[in-house]
Q: 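Attaching a single structure in structure tokens format; questions to follow.
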Number of protein chains: 2
Amino acid sequence: MRGLLVERAARMLADREPVTLRALVEGTGASTMAVYTHFGGMPGLWSAVRQEGFTRLATRLDGVARTGDPVHDLAALGVAYAHNALDAPELYRAMFDARADLADAPAADATFERLVTAAARARDAGRLAADTDPLGLATRYWAAGHGLVSLVVQGVLPAESLPPLATDTAVALLTAAGDDPARCRESVQRAWAGG
Amino acid sequence: MRGLLVERAARMLADREPVTLRALVEGTGASTMAVYTHFGGMPGLWSAVRQEGFTRLATRLDGVARTGDPVHDLAALGVAYAHNALDAPELYRAMFDARADLADAPAADATFERLVTAAARARDAGRLAADTDPLGLATRYWAAGHGLVSLVVQGVLPAESLPPLATDTAVALLTAAGDDPARCRESVQRAWAGG
DNA sequence: CATTATGACATAGCGCTGCTATGTTATGGA
DNA sequence: TCCATAACATAGCAGCGCTATGTCATAATG
């Protein structure tokens with residue numbers, strides 16, 4: 001029942017339908033009380049929806065193969081992140097909703113940790129400066145990507161501008177961390193090309 | 001009456017009070033109809049509140065003096081942007097609310113234009129590469145800053161982490177655009193120090 | 001000057017929201 | 001067998017944004 005309601009909420013989100021209590025349970029056979037039995041109320045449902053969003057993101061990121069080019073892998077994580085957001089914009093907005101519960105933090109941290117380890121791998125492989133702080137780099141990388149994706153998802157920036165903007169931003173952040181500019185750009189561009 | 005209601009809405013936003021129709025007009029002597037007479041409804045009120053937010057931001061940015069160091073000025077605009085957001089977090093969130101009207105775009109574009117001209121000035125002054133695209137650089141710069149500020153405003157990142165993160169990000173983007181790393185860092189750090 | 005049109009105001013009420021109180025039913029353990 | 005527990009459905013609450021309606025002051029018009 002929990003899973004059914006969460007999936008239905010995600011579907012309604014994707015269909016741009018307003019996710020209200022009565023609209024959510026309509027057609028499921030369940031009554032409005034199901035939301036209170038399983039989630040304790042609408043905030044609990046939204047929390048579960050955000051968890052679902054982070055779970056889907058984690059699945060996406062897990063699908064990014066680890067190649068011999070750690071900078072490419074770092075960029076590929078960003079590409080997967082962007083595709084995940086643009087494939088389900090409303091879910092992405094719900095994940096970072098202003099009224100989000102801090103109980104969702106662990107799920108977000110788990111996906112972020114993938115970025116930190118990828119940055120550490122790039123440093124340990126010699127692509128980035130030895131004194132590179134993986135946490136700091138990953139934070140700057142994520143924040144910049146989140147800003148770009150948020151503006152695209154919101155319609156402020158057109159979707160077709162995302163690849164070049166994200167590429168230039170990633171190259172800037174990674175070359176500042178010590179990578180060779182030309183080699184870095186090649187790695188990042190290959191990630192966006194799907195290689 | 002318009003200004004009174006908008007200011008009261010901004011105040012309620014700052015006080016973390018829910019801005020509802022009845023709560024907004026309470027104490028003003030006006031009835032709920034005032035919102036419909038002057039704004040056409042709550043969406044119109046929110047649009048006016050966002051306009052107010054961009055007006056305040058524009059005032060902040062206009063207060064940034066133009067010095068002999070265009071890279072410092074660029075960073076100073078970012079600092080002012082961040083301070084404006086952190087001084088009124090709820091207003092900042094309202095400005096970039098998911099349900100924002102596209103009619104607010106001109107006000108947002110006007111503030112963004114300041115960043116583009118500052119980037120062009122840095123390029124024309126020889127601090128950035130001659131082939132630097134001011135619009136593209138400003139977009140990356142703004143998106144990265146927006147991502148950082150959004151995460152701080154939302155409580156995902158602590159406020160004290162913003163200066164170092166923003167500094168490193170700005171230095172990375174500006175050095176990628178051709179500025180000298182050491183000189184760039186000095187300019188950006190001076191901007192954050194309030195020089 | 002008298003009349004009328006217009007805009008701002010207040011009141012009452014509609015449909016919707018999330019939520020709660022209450023009653024019912026089914027399942028599992030003492 | 002009896003009962004505690006959990007999940008269910010129904011009805012109704014206060015609050016929300018909004019609208020219909022009536023009132024009143026102001027200003028333009030013959």
Q: A/Trp46 CH2 to C/dT17 P: how many Å, rounded?
A: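 Spelled out: CH2 on A/Trp46 to P on C/dT17 is 13 Å.
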Q: Applying side chain to side chain contact (heavy atoms under 4.5 Å, CB included), run through A/Thr20 and A/Met42 and close with a yes or a no.
A: CA-CA 8 Å; A/Thr20 70; A/Met42 288 302 283; 5.9 Å; no
Q: Whole angstroms only, please: what is the OH-P distance between B/Tyr36 and D/dC16?
A: 12 Å
Q: To the nearest Å, how far apart are B/Leu5 CG and C/dA8 P?
A: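 That distance rounds to 13 Å.
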Q: Just how far, in rounded Å, is P of D/dA9 from CD of A/Glu26?
A: 14 Å
Q: With a 4.5 Å limit on heavy-atom distance, are the side chains of B/Arg183 and B/Val71 in contact?
A: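 B/Arg183 does not reach B/Val71 side chain to side chain.
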Q: Whole angstrom is fine here: how far is it from CZ in A/Arg99 over to P in C/dG18?
A: 13 Å
Q: The side chain of A/Thr32 lies closest to which of these nucleotides: C/dC9, C/dC19, C/dA10?
A: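 Of the options given, the side chain of A/Thr32 lies nearest C/dC19.
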Q: State whether A/Asp131 and A/Arg123 are salt-bridged, where the test is any N-O pair (Lys NZ or Arg NE/NH1/NH2 against Asp/Glu carboxylate O) under 4.0 Å.
A: no
Q: Check whether any side-chain N or O of B/His38 sits under 4.0 Å from OP1 or OP2 of C/dG7, and answer yes or no.
A: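 For C/dG7, OP1/OP2 do not have a side-chain N/O of B/His38 under 4.0 Å.
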Q: Check this for me, if you would: do B/Arg127 and B/Asp179 make a salt bridge, where the nitrogen-to-carboxylate-oxygen distance has to be below 4.0 angstrom?
A: yes
Q: Hey, are A/Glu186 and A/Arg190 close enough for a salt bridge, meaning a charged N less than 4.0 Å from a carboxylate O?
A: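 Yes, A/Glu186 and A/Arg190 are salt-bridged.
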Q: Tell me which residues in residues 8-22 of chain B put a heavy atom below 4.0 Å from DNA chain C, sorted by number, or none.
A: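 Those residues whose heavy atoms fall under 4.0 Å from DNA chain C, taken from residues 8-22 of chain B in numerical order, are B/Arg22.
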Q: Does OP1 or OP2 of D/dA7 have a side-chain N or O of A/Thr37 closer than 4.0 Å?
A: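 Result: no.
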Q: Rounding to a whole Å, what distance do you find between A/Met42:CE and C/dC16:C1'?
A: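 That distance rounds to 13 Å.
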Q: Between the side chains of A/Arg11 and A/Glu7, is the shortest nitrogen-to-carboxylate-oxygen separation below 4.0 Å, so that they form an ion pair?
A: no
Q: In this structure, how many angstroms lie between the P atom of C/dA8 and the CG atom of B/Leu4, rounded?
A: 15 Å
Q: If you define the side chain from C-beta out and look only at heavy atoms, does anything of B/Leu86 sit under 4.5 Å from B/Leu162?
A: yes
Q: Rounding to a whole Å, what distance do you find between A/Leu24:CG and C/dT17:C1'?
A: 14 Å
Q: Let's see if you can work this out: which of C/dT20, C/dT11, D/dC18 has an atom nearest to the side-chain heavy atoms of B/Met33?
A: C/dT11
